[in-house]
Amino acid sequence: MTTARGKLGLVAAVGVAGMLVTAPAVAQQAAPEMRAVWISRFEWPSSSRTTAQTRIRTMMQTLRDNNFNAVLFQVRGQCDVLYPSPYEPWGTQFNWTNPGWDPLQYAIDQARANGIEFHAYINTHTLAAGTPPTNTVPQHPFHRHGPTSADPWVIHDTNGNPVGATDSYFWLSPGHPDASAWTRQAIVHVVENYDIDGLHFDRIRTPGAGYSYDPRTVARFNGDGNPHGESWGDFMRSQITRDLRRIYGAVALRKPHVKITAAPFGICRREPGGYQGTGTQSYYSWYQDSFGWMEKRVLDGIFPMIYWDIGSAHPFEVLLADFLKYTGGRHIYAGSVTSRDYIAQVYETRRQGAPGTTVFSYNSVDFAAYRNGPYTQPAPVPRMPWKDNPTRAIVAGTIRDGDNQPILDAWVTITGNSYVHLSGADGFYTVLDIVPGTYQVTARKNGLGESTRTVHLGPGDVKELDFRVSSFLPGDVDGNNAITPTDAQAAFHCYITGACPDGLDERAADVCPPDGITPKDALAIFGLAIGLGLECE
């Protein structure tokens, strides 16, 4: 006889068995692989909010349904944007006018809802395509810094003349420090205001080798902006590399998990034993040192645009192999285009051991070809160990003079490394990839002097280290060229009264950022006076 308890057990067993039979099978996952697609700023916008949002929603669902896992979604074209910005106007896609909603936030939300990693795709070196209207809000930087302005940010030719539209755009000079700081400011705004997974840069180059001989760039080439005495070509390439390093540091100070990538041209330079074709070499023609970006680790990955067929005059497989020689321990994702054999290129990329691909661009992709071919199963995005569990450290900060003004091209060095880092127009500098330990970091500016600070770094640390470099001795408030307890008393006097009387230097008293004289300044000066050193933290 079956007891009541036994009957309950039997029912439970049958129920569990039924669930085991009828529950949907969990889809198997393939090995980690970047499966991205570029979505350009010409593919999703519409004057109709409903239409634009429907397109974005459909795009993200399509990527999910065909086992893609990442999107490179364009939101900045040529110093105009497709999200609200206090710095740059809305793009032509919205007739330079606020559409009343935030497309970037909507796209992020839809990517999240569909399990898609979201990378904000940004053009870095294009100022304008044609002449923008003068009445945008905010005003387009073209009208303040275009080729006819008092301070042109655009590229100049070998005769020092500003260049108009070429290769479809007015281009920003990589060596003009204000243009570089502006671009970094626009990028940081996105990072601070949106929960993105990554930043992705395009048009990160010049349109030719005969640029940019603008006065600011030439002066820096002949002065403090060229600490290693580089040739013109090496100097121009280093401008973009230095910009990327400062961008990486600025992002790391805020959100170190954000991945930073770029899309260089698919031919960097001819390599011994590798590519020997006659195609444009972006290293020489456009000042793109994409191999160097990886070796210097100023990016987390690149998507080289290898837009040729396997076995062609510019062989996809050979060019990819060249890039894979220069990973720097980071990721190389092959970039394909739909007019080529892009499905075969996925298999070739796997054969060479690269961690994934992307394709340009969404509206021309045959998604069924992916779903029925290499992407039959979903796959996670490859992990980046240096992001997830970093073993190196970063130092970044701002360098100012005695009047609290940012210093351009201050030289920054760190113990054990002779490479000279430079501060940008806003005084910002970055040192990446530092082995944990204790270091002396020195900031120096010719004609002003130098300042050295000690920093203790552990794995994954991102430390902000600011400097004040001036022609006076920090802490020497009474100006006798020595730091004594009297200086500490003088600093307290400046703090209490709110102003230093004649004979006392307020700039020397303010030694501990943030600005403004405080008791901490006086204590730090007293520490110097009795030999304990300067400790502001």
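On a predicted model such as this, the values are computed, not experimentally measured, just so you know. One-based numbering along the sequence shown.
Under the 3.5 Å distance criterion, the side-chain polar atoms of Asn417 are matched with a main-chain donor or acceptor of Tyr419. In this structure, the side chain of Thr136 does not engage the main chain of Trp96 through any donor-acceptor pair within 3.5 Å. Side-chain atoms of Arg340 come within 3.5 Å of backbone atoms of Tyr307 as a donor-acceptor pair (strictly under, hydrogens ignored). A donor-acceptor pair is defined here as one N or O able to donate and one able to accept, closer than 3.5 Å; such a pair exists between the side chain of Asp102 and the backbone of Gln105. Remark: the backbone N or O of Gly115 is not paired with any side-chain donor or acceptor of Arg64 at under 3.5 angstrom. Counting only distance, with no hydrogens or angles, the side chain of Lys463 and the backbone of His456 share a donor-acceptor pair below 3.5 Å.
The one candidate from Trp308, Phe303, Phe323, Tyr283 that meets the ring pair (Phe, Tyr, Trp, His ring centres under 6.0 Å) condition with Phe265 is Trp308. For the salt bridge (Lys or Arg N to Asp or Glu O under 4.0 Å) with Asp197, the lone residue among Lys387, Lys259, Arg112 that qualifies is Arg112. Remark: of the listed residues Arg400, Arg184, Gln185, Arg184 is the sole one forming a side chain to side chain donor-acceptor pair (under 3.5 Å) with Asp426.
Across all non-hydrogen atoms, the minimal contact from Phe170 to Gly130 is CE1-O, 3.7 Å. Here the closest heavy-atom approach between residue Pro385 and residue Arg383 is recorded as CD-O, 3.5 Å. In terms of heavy-atom proximity, Ile343 sits nearest to Pro374 at CG2-CD, 3.9 Å. Pro459 approaches Pro390 most closely through the heavy-atom pair CB-O, 3.6 Å. When every heavy atom of Cys79 is checked against every heavy atom of Pro89, the shortest pair comes out as O-CD, 3.6 Å.
Ring geometry, Phe94 versus Trp90: the interplanar angle exceeds 60°, so the pair is classed perpendicular (tilted spans 30 to 60°). By the 30° and 60° cut-offs, the orientation of the rings of Trp232 relative to Phe221 is perpendicular.
Checking Trp386 against Asp300 by side-chain atom types alone, a donor-acceptor pair falls below 3.5 Å. Asp151 and His176 share a side-chain donor-acceptor pair at under 3.5 Å. Of the N and O atoms on the side chains of Asp243 and Gln239, not one donor lies less than 3.5 Å from an acceptor on the other residue. No side-chain donor-acceptor contact under 3.5 Å links Arg76 and Tyr83. In this structure, a donor-acceptor pair under 3.5 Å is absent between the side chains of Trp38 and Glu43.
Ionic pairing of Arg269 and Glu271 is present here: one or more N-O contacts between side-chain nitrogen and carboxylate oxygen are shorter than 4.0 angstrom. We find that Asp178 and Arg144 are not joined by a salt bridge, their nearest charged nitrogen and carboxylate oxygen being 4.0 Å or further apart. Salt bridge annotation for Glu230-Arg237: absent, with no cationic side-chain nitrogen under 4.0 angstrom from a carboxylate oxygen. We find that Asp214 and Arg220 are not joined by a salt bridge, their nearest charged nitrogen and carboxylate oxygen being 4.0 Å or further apart.
Dense packing is recorded around CZ of Arg254, with more than 12 heavy atoms of other residues, nucleotides or ligands lying under 6.0 Å away.
Here the side chains of Asn114 and Leu63 are not in contact, with every heavy-atom distance at 4.5 Å or above.
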Open item on the list: Checking Phe235 against Tyr287 for the ring-ring contact (aromatic ring centres under 6.0 Å, His included) test, could you report, in this order, the C-alpha distance in whole Å, the side-chain angles of both residues, the deciding distance, and whether it holds?
Closed with: CA-CA 9 Å; Phe235 172 78; Tyr287 301 127; 9.7 Å; no

Task: Audit row: Thr217, Ser173, side chain to side chain donor-acceptor pair (under 3.5 Å) steps and yes/no - done: CA-CA 8 Å; Thr217 298; Ser173 166; 3.2 Å; yes

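How far CZ of Arg55 is from CH2 of Trp44: 10.0 Å, rounded to the nearest 0.5 Å. Separating the CG atom in Asp289 from the SG atom in Cys268 is a distance of 6.0 Å, to the nearest 0.5 Å.
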